[in-house]
Amino acid sequence: MSIHIKHITPAIHARFEGVIPDMEIDNVSIDSRSLQNNSGTLFFALKGQNRDGHNFIPALTEKGVRNFVVSHIPEQAQGAANFFVVPDVLKALQDFAVYYRGLFSFPVIAITGSSGKTIVKEWLNFLLSPDYNIIRSPKSYNSQVGVPLSVIGINQKHNFGIFEAGISTVGEMEKLEPIIRPAIGVLTNIGQAHDEGFTGRAQKIAEKLKIFKNTEVIILQKSDDVQALLNPGSKTFTWSFEEGADVKIGLKKQSGSTVIKASYLSGFEITIPFTDEASIENAITCLMVLLYMGYTPEVIGTRLSALYPVELRLQVKNGNNNCTIIDDSYNSDYQSLKIALDFLEQHKTHKKTTVILSDIFQSGFETDELYRKVARLLSAHNISRVIGIGRTISKKLAEFHDFYPYKTTKQFLSRLNENTFEDETILIKGARNFRFEEIVVLLEEKTHETVLEINLNAIVHNLNYYKSKLKPETRVMAMVKAFGYGSGSYEIAKILAHHKIDYLGVAFADEGIALRHAGITLPIIVMNPENSAFAAMAAYNLEPEIYSAKELQDFIAMARQRNLNNYPIHIKLDTGMHRLGFMEHEVDELIQLLQNNNLVAVKSIFSHLSSSDVPEYRDFTLKQIALFDKISSSIIEKLNIKPIRHILNTSGVYNYPEAQFDMVRLGIGIYGVGNDAFERQQLQTVGTLKTTILQIKDIDPGEGVGYSRRYITQQKTKIATLPIGYADGIPRAWGRKGGYVVINNQKAEITGTISMDMMMVNVTGIDCKEGDIAIIFGAAPTVVEIAQALETIPYEVLTSISQRVKRIFYKE
Ligand SMILES: *Cc1c(COP(=O)(O)O)cnc(C)c1O
């Protein structure tokens with residue numbers, strides 16, 4: 001990209017307030033943390049839920065960034081750079097993308113639908129790449145921000161584009177259409193789900209179809225209700241399993257593959273290496289696009305037979321020797337390298353970082369320029385060591401300060417002992433044909449098959465859901481006690497810190513110390529500080545909850561001994577929970593201790609609601625809130641201080657947002673569990689506990705299964721044994737209370753008693769084999785469902801999952 005800034009003002013309808021009118025920009029950024037060539041950057045100061053790009057402008061001008069698109073010019077930056085002032089920075093980014101797209105005239109495919117977009121995009125890219133230089137959306141960049149950024153990635157070398165478009169409400173597709181300006185429209189599976197943001201299915205479909213307003217064709221599965229919503233003049237190219245479409249499809253499933261018969265031209269058959277419905281449908285969509293583009297059945301057959309599973313997410317795994325592995329071993333292009341490096345930056349657990357990178361294809365840049373850019377990107381992210389695998393990269397990155405070249409993956413693997421991997425975060429990123437999964441397997445810590453998968457996107461979604469109930473200035477403390485409610489404290493703390501929370505809460509000092517060791521710098525409050533841990537808390541900058549005069553005296557004594565000054569403390573009031581805290585009549589003593597004392601400083605005053613989730617106790621809760629307001633106000637007045645006040649937990653935020661004071665303390669909700677049924681619907685599932693089938697056997701009628709013959713088969717029964725038991729934290733009683741697991745989307749009832757490390761489930765009539773995945777909890781059964789069956793609460797189920805179960809964190 002090379003654009004003179006004089007073109008920008010009209011393109012985005014801005015007012016120019018500049019100091020250097022004669023400049024070119026060569027890249028666009030919305031994220032102050034991942035800049036490339038600073039003087040050539042055009043920075044769009046977007047306002048997100050958690051960040052306002054305007055706040056970073058003064059720092060960016062110091063780094064040499066000279067061009068900013070803003071809604072107002074920050075005072076400290078006045079006169080320091082060029083400003084393009086617009087009413088709405090997001091709209092300006094989209095307008096810029098429209099302008100930029102207009103500079104190129106090659107054909108573009110737009111893909112929309114409810115599911116399958118990213119897979120179809122990746123597959124089309126694979127299928128068409130022998131013939132075109134393709135620009136495509138990185139990962140699933142399909143939003144109001146993602147689409148403009150994807151399109152801005154186009155450069156002179158590209159001669160074909162594939163972009164996906166996703167929407168969450170009406171009015172969005174109209175904005176994306178002129179940015180993508182597609183010639184070919186592809187509609188993937190539209191789904192039955194009723195989506196939030198739409199009044200119904202028809203509205204959702206009608207909105208999606210707007211991306212195809214000007215396409216020469218729309219490729220889709222024949223569907224009367226979709227076609228009724230199309231513009232009358234639209235040309236379609238349809239497929240169906242029935243008669244009546246342009247192409248009738250027949251299927252023949254075999255073991256491990258499916259034959260697709262297409263009634264087109266003189267009729268032909270191709271074979272794809274998949275048997276599941278979704279993959280078959282996505283492959284048919286690709287087949288239709290290739291047919292439309294004029295490919296012969298022979299070429300289509302050869303190329304589709306080589307389709308491969310697409311790994312859509314970056315996975316974080318534990319490696320040997322205390323390493324953390326970020327596994328992105330399935331693709332390598334310049335755009336997604338940027339995303340992966342940003343991800344590495346956010347998730348690195350160690351100071352030392354290694355990137356294992358293959359040759360990069362289809363960047364659209366000249367080879368030399370490409371690797372110059374790659375080297376710059378790696379330096380900007382302070383990567384300690386780079387291992388380059390491939391004939392090109394092994395030569396082109398030779399200048400990088402700590403670089404290890406290998407020609408092939410095989411060569412690297414055969415000489416693995418040349419490199420040690422220890423106490424570092426390793427990003428593994430390679431194009432498919434480099435088979436980097438073999439590297440991952442070698443570096444990965446070997447674990448048993450049971451894992452608790454944690455969806456980090458869901459954590460962010462849930463955090464934002466509760467934030468949407470709060471005033472923008474209200475602070476958020478995230479409770480990560482008890483190992484982040486069983487979901488992993490460090491990783492969760494890290495992602496939350498990145499998404500702007502203000503405080504972390506733990507129960508014990510050692511939990512806080514572990515977070516500090518892992519590099520967390522946010523303020524941390526310790527809810528149950530023990531006397532013996534005071535000194536350690538001071539050493540690690542952990543702030544105590546102070547709940548009694550005795551505790552306060554002890555803490556002050558420690559502070560005096562260590563010459564501390566204004567050490568932050570948090571005063572806990574007991575307003576009715578009757579657990580920890582000062583009662584109203586003890587407050588005078590508290591005030592006396594704090595008056596004229598500068599060893600400690602009251603950072604916050606708080607209390608805890610006992611029944612924020614119990615509607616019957618609304619009056620009681622309101623009394624607690626009123627009492628809190630009264631006592632805390634009087635402390636504030638008498639000490640003449642300005643502490644943060646807070647009383648709400650998750651259900652408090654949901655039921656009593658008017659009592660948010662200055663901060664709230666979110667726990668269970670972030671982990672995807674609401675105490676209220678409607679609230680739950682707004683949340684996304686965070687944890688999925690999975691294992692795999694160890695053995696399957698057929699049992700005759702009248703046989704007993706498991707200890708004490710608790711389950712007697714009534715007929716011929718197929719039993720699967722799973723390597724997970726009560727020692728992993730599965731409540732033993734779940735087996736007797738209607739417990740089940742989900743295997744290949746079907747319920748399999750737990751039979752007999754759950755043993756320490758194993759359990760058996762009834763898989764009669766379920767299509768499954770040894771090695772298949774069994775879901776213990778997640779989307780179904782939910783943690784709430786299990787808790788209800790056992791007459792306990794989801795908190796207990798979540799925090800009971802044993803530490804021997806590996807946690808795997810991923811981001812979509
Ligand atoms: C655990 C805890 C919370 C969070 O409660 P949730 O119901 O999980 O939101 C808030 N405040 C205190 C003092 C806690 O101990």
Side-chain angles (χ1 to χ4, degrees), residues 108-121 123-124 142 162-174 176-177 180 182-253 258-265 267-270 272 274 276-293 300 304 745:
V108 164
I109 297 180
I111 307 171
T112 193
S114 297
S115 57
K117 295 189 284 292
T118 306
I119 308 262
V120 168
K121 180 201 72 198
W123 278 358
L124 283 176
N142 61 27
I162 309 176
F163 297 106
E164 52 171 297
I167 49 169
S168 52
T169 186
V170 286
E172 293 190 336
M173 215 43 124
E174 267 152 322
L176 300 184
E177 195 277 336
I180 300 181
I184 298 178
V186 173
L187 184 68
T188 62
N189 191 305
I190 197 80
Q192 294 297 331
H194 171 82
D195 298 30
E196 215 189 307
F198 298 96
T199 54
R201 184 173 137 86
Q203 190 192 45
K204 180 178 82 177
I205 298 174
E207 179 67 24
K208 291 198 187 235
L209 294 175
K210 289 187 181 153
I211 191 76
F212 305 136
K213 199 164 77 178
N214 299 308
T215 54
E216 61 185 46
V217 69
I218 304 167
I219 295 172
L220 75 164
Q221 180 172 14
K222 189 169 169 49
S223 145
D224 292 338
D225 57 343
V226 174
Q227 275 161 290
L229 293 165
L230 282 175
N231 289 338
S234 305
K235 194 174 150 233
T236 58
F237 185 50
T238 60
W239 66 274
S240 174
F241 295 120
E242 327 266 309
E243 299 292 338
D246 297 311
V247 181
K248 182 178 175 218
I249 298 285
L251 298 179
K252 194 165 75 205
K253 289 201 196 179
T258 304
V259 178
I260 301 178
K261 292 192 229 180
S263 70
Y264 195 68
L265 307 171
F268 61 93
E269 286 189 5
I270 62 162
I272 57 164
F274 295 97
D276 65 289
E277 306 288 317
S279 300
I280 293 171
E281 216 172 277
N282 292 332
I284 295 170
T285 303
C286 292
L287 174 144
M288 292 292 290
V289 173
L290 266 58
L291 275 182
Y292 178 79
M293 290 177 69
I300 296 176
L304 266 83
N745 288 322

task = Look up atom CZ in Phe274 and atom CD in Glu281, then write down how far apart they are to the nearest 0.5 Å.
result = 14.0 Å
Exercise: identify the closest heavy-atom pair between Ala283 and Leu304 = O-CD2, 3.5 Å
message = Quick one, Ile167 and Phe198 - any side-chain contact, counting heavy atoms below 4.5 Å?
response = yes
query = Is a side-chain donor or acceptor of Thr112 paired with a backbone partner of Gly166 at a separation under 3.5 angstrom?
reply = no
inquiry  = Can you tell whether the side chains of Glu172 and Lys208 come within less than 4.0 Å, N to carboxylate O?
reply    = no
Side-chain heavy atoms of Ile270 within contact of Leu287, under 4.5 Å = yes
key: CG (Asp225) with more than 12 external heavy atoms under 6.0 Å   = yes
Beyond-backbone contact of Val226 with Leu209, side-chain heavy atoms, under 4.5 angstrom = yes
task = Take Asn282 and Thr285 through the side chain to side chain donor-acceptor pair (under 3.5 Å) test and state the conclusion after the steps.
result = CA-CA 5 Å; Asn282 292 332; Thr285 303; 5.1 Å; no
inquiry  = Between Thr238 and Gln221, do the side chains contain a donor N or O and an acceptor N or O under 3.5 Å apart?
reply    = no
Main-chain N/O of Ser279 paired with Asp276 side-chain donor or acceptor, under 3.5 Å = yes
message = What I want to find out is whether Glu242 reaches Lys248 closely enough, with some N-O distance under 4.0 Å, to be called a salt bridge.
response = no
inquiry  = Please give me the minimum heavy-atom distance between Gly113 and Thr188, naming the atom from each residue.
reply    = CA-OG1, 3.4 Å
message = Just so I know, are the side chains of Ser263 and Trp239 near enough to count as touching, which here means a heavy-atom distance under 4.5 Å?
response = no
inquiry  = Less than 4.5 Å apart, side chain to side chain, heavy atoms only: is that true for Lys261 and Ile249?
reply    = no
inquiry  = Would you say that Ile109 contacts Phe163 through its side chain, given a criterion of any heavy-atom pair below 4.5 Å between the two side chains?
reply    = no
message = Glu269 vs Ile260, test: side chain to side chain contact (heavy atoms under 4.5 Å, CB included). Steps then yes/no.
response = CA-CA 6 Å; Glu269 286 189 5; Ile260 301 178; over 6 Å; no
message = Between Lys121 (side chain only) and Lys117 (backbone N and O only), is there a donor and an acceptor less than 3.5 Å apart?
response = no
task = Check Ala202 against Leu229 and note the closest heavy-atom contact, atom names and distance.
result = O-CD1, 3.8 Å
query = Checking salt bridge (charged side-chain N to carboxylate O under 4.0 Å, His left out) for the pair Lys204/Glu207: CA distance, chi angles, key distance, verdict?
reply = CA-CA 5 Å; Lys204 180 178 82 177; Glu207 179 67 24; over 6 Å; no
inquiry  = I need the Asp246 CG to Ile219 CD1 distance, nearest 0.5 Å.
reply    = 10.0 Å
task = Using a cut-off of 6.0 Å, state whether more than 12 heavy atoms not belonging to Lys253 lie near its atom NZ.
result = yes
message = Once rounded to the nearest 0.5 Å, what's the spacing between atom OG1 of Thr236 and atom CD of Gln227?
response = 5.0 Å
query = How far apart are the closest heavy atoms of Ile211 and Pro182, and which atoms are they?
reply = O-CG, 3.5 Å
query = Do the ring planes of Tyr292 and Phe237 sit parallel (below 30°), tilted (30 to 60°) or perpendicular (above 60°)?
reply = tilted
inquiry  = Within the 4.5 Å heavy-atom criterion, are Glu164 and Thr118 side-chain neighbours or not?
reply    = yes
query = How far does CD1 of Ile284 sit from OG of Ser240, to the nearest 0.5 angstrom?
reply = 9.5 Å
CA sep, side-chain torsions, deciding dist, call: Asn231, Phe212, side chain to side chain contact (heavy atoms under 4.5 Å, CB included) = CA-CA 9 Å; Asn231 289 338; Phe212 305 136; over 6 Å; no
Step-by-step side chain to side chain contact (heavy atoms under 4.5 Å, CB included) determination, Val289 to Val186 = CA-CA 8 Å; Val289 173; Val186 173; 3.7 Å; yes
ask   = What distance separates Leu290 CG from Ile300 CD1, expressed to the nearest 0.5 Å?
value = 5.0 Å
Rounded distance (nearest 0.5 Å) linking atom CD1 of Ile190 with atom OG of Ser223 = 8.5 Å
request  = Check whether any side-chain heavy atom of Thr215 lies under 4.5 Å from a side-chain heavy atom of Ile184, and answer yes or no.
outcome  = no
message = Is it the case that atom CD in Glu216 sees more than 12 heavy atoms from other parts of the structure closer than 6.0 Å?
response = yes
